[in-house]
Amino acid sequence: MGREIIWRLSSFGSFNLLVVLMTVVVMRSTAVDGYYGYNTYNAPPGAPIYNPSTAWNFAHATFYGDETVSETMGGACGYGNLYDSGYGISTAALSTVLFNNGEACGACYEIKCVYSKWCYNYAPSIKITATNYCPPNWYQSADAGGWCNPPRAHFDLSKLMFMKIAVWTAGIVPVNYRRVPCVRTGGIRFQFQGNPHWLLVYVMNVGGSGDVVKMWVKGSKSTVWISMSRNWGASFQVFSELGGQALSFKVKNGAGHTLVDYNVAPFYWSAGQTYQGRINFY
């Protein structure tokens with residue numbers, strides 16, 4: 001709507017165009033932990049920054065699929081086509097311990113091959129996003145095929161990412177890993193499913209810690225923030241009459257930072273559409 005107004009009024013001159021642009025931005029301001037700012041794609045002064053521990057942890061890594069990475073598309077987090085979602089091939093399925101019932105979806109990790117002849121010499125580390133779940137294989141022991149069995153920390157990489165750190169014929173290699181900030185372009189994306197009485201939202205393109213632990217939604221006809229429950233992976237749901245209202249979202253990440261984005265979706269929102277917010281975590 002804002003862009004439509006700007007284009008329609010651009011013929012009135014640059015001054016009026018600037019006034020309209022400033023008006024639209026002010027009307028649709030957002031907040032990060034109470035800080036209100038109008039710079040939509042850069043961290044505003046005072047915004048909280050995710051700063052994880054730099055300590056390395058030990059795990060193992062395998063890969064699934066082939067060089068086409070077609071088998072890595074989709075996944076338990078619900079991101080669908082990973083190219084469309086912005087994650088591409090830099091992804092991994094996490095073992096039960098790391099996946100944590102979907103709370104790790106969207107989290108970013110730095111991984112490097114260690115202690116193996118199969119590691120490439122001087123190979124740089126890789127950075128991946130958690131997009132899938134590697135389930136346990138109870139028919140095999142944890143040290144002989146059941147790589148994702150609890151309590152193992154394990155990453156099942158896309159083949160192209162595995163090939164960046166080790167010879168792929170190795171099959172499995174020891175790795176060191178640690179959490180790193182997720183650097184995203186643009187605001188958080190909210191993909192809608194459901195109907196006017198039940199809303200299911202897939203949350204994508206989350207910066208900062210990358211994960212989401214809690215969400216709320218508010219319709220434009222109310223002042224009350226409604227708590228949403230995790231459905232599975234990176235999806236949250238609410239049973240409420242929200243049709244015909246512009247929707248705002250409040251998001252809390254695993255680092256404890258809270259983001260508020262007003263009027264993300266217009267009153268004529270519909271299931272099957274993706275709406276992008278104006279701010280993100282850092």
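Residue numbers run from 1 in the order of the sequence given.
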#### Entry: Verdict with reasoning, Val260 to Phe249, per side chain to side chain contact (heavy atoms under 4.5 Å, CB included)
CA-CA 6 Å; Val260 179; Phe249 290 96; over 6 Å; no
Would you tell me whether [X] and [Y] have side-chain atoms, one donor and one acceptor, within less than 3.5 Å of each other?
X	Y	result
Asp84	Tyr79	no
Ser227	Lys214	yes
Ser125	Glu110	yes
His154	Thr62	yes

Are any side-chain N or O atoms of [X] and backbone N or O atoms of [Y], one a donor and one an acceptor, separated by less than 3.5 Å?
X	Y	value
Arg189	Ser85	yes
Ser222	Gly219	no
Arg152	Ala142	yes
His60	Val173	no
Asn253	Ala255	yes
Asn132	Ala76	yes
Trp269	Leu242	yes
Gln193	Leu200	no
Asn280	Asn205	yes
Arg230	Gly233	yes

Same apolar cluster (I L V M F W Y, side chains within < 4.5 Å links), [X]/[Y]:
X	Y	result
Leu247	Tyr202	no
Tyr120	Leu157	yes
Trp168	Ile126	yes
Phe239	Val217	no
Met215	Tyr50	no

I'd like to know whether the aromatic ring centres of [X] and [Y] sit less than 6.0 Å apart in this structure.
X	Y	result
Trp232	Phe99	yes
Tyr177	Phe155	yes
Phe190	Tyr275	no

### Message
Could you walk me through whether His197 and Glu241 satisfy the side chain to side chain contact (heavy atoms under 4.5 Å, CB included) test, starting with their C-alpha distance in whole Å, then the side-chain angles of each, then the deciding distance to 0.1 Å, before giving a yes or no?
### Response
CA-CA 5 Å; His197 317 287; Glu241 299 286 339; 2.7 Å; yes
Least distance between heavy atoms, [X] atom then [Y] atom:
X	Y	result
Ala104	Ala130	O-CB, 3.5 Å
Arg278	Asp261	N-OD2, 2.7 Å
Thr96	Tyr133	OG1-OH, 2.8 Å
Ala93	Cys134	CB-N, 3.9 Å

Measure the spacing between [atom1] of [X] and [atom2] of [Y] and express it to the nearest 0.5 Å.
X	Y	atom1	atom2	result
Lys159	Tyr64	NZ	OH	14.0 Å
Met228	Phe236	CE	CZ	8.0 Å
Tyr87	Cys77	OH	SG	8.5 Å
Tyr262	Ile279	OH	CD1	10.0 Å
Ile226	Lys218	CD1	NZ	10.0 Å
Lys164	Cys113	NZ	SG	14.5 Å

### Query
Would one find more than 12 heavy atoms of other residues, nucleotides or ligands at under 6.0 Å from atom CH2 of Trp225?
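Yes - once you tally the heavy atoms of other residues, nucleotides and ligands closer than 6.0 Å, there are more than 12.
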### Flag if over 12 foreign heavy atoms under 6.0 Å of CZ, Phe267
no
### Task
Could you give me the CA-CA distance, side-chain angles and deciding distance for Leu82 and Thr131, then say whether side chain to side chain contact (heavy atoms under 4.5 Å, CB included) is met?
CA-CA 9 Å; Leu82 297 179; Thr131 59; 4.0 Å; yes
### Message
Would Arg178 and Tyr109 count as a cation-pi pair here, with the cationic atom under 6.0 angstrom from the ring centre and within 45° of the axis?
### Response
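No, a cation-pi geometry is absent between Arg178 and Tyr109.
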### Query
When you check the gap from the basic side-chain N to the acidic O, do Lys252 and Asp211 get nearer than 4.0 Å?
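No salt bridge links Lys252 with Asp211.
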### Candidate pair Met161 and Ile128, rule side chain to side chain contact (heavy atoms under 4.5 Å, CB included), full reasoning
CA-CA 8 Å; Met161 294 307 292; Ile128 58 91; 4.0 Å; yes
### Query
With side chains defined as the heavy atoms from C-beta onward, is the minimum distance between Pro150 and Pro136 less than 4.5 Å?
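A side-chain contact under 4.5 Å exists here.
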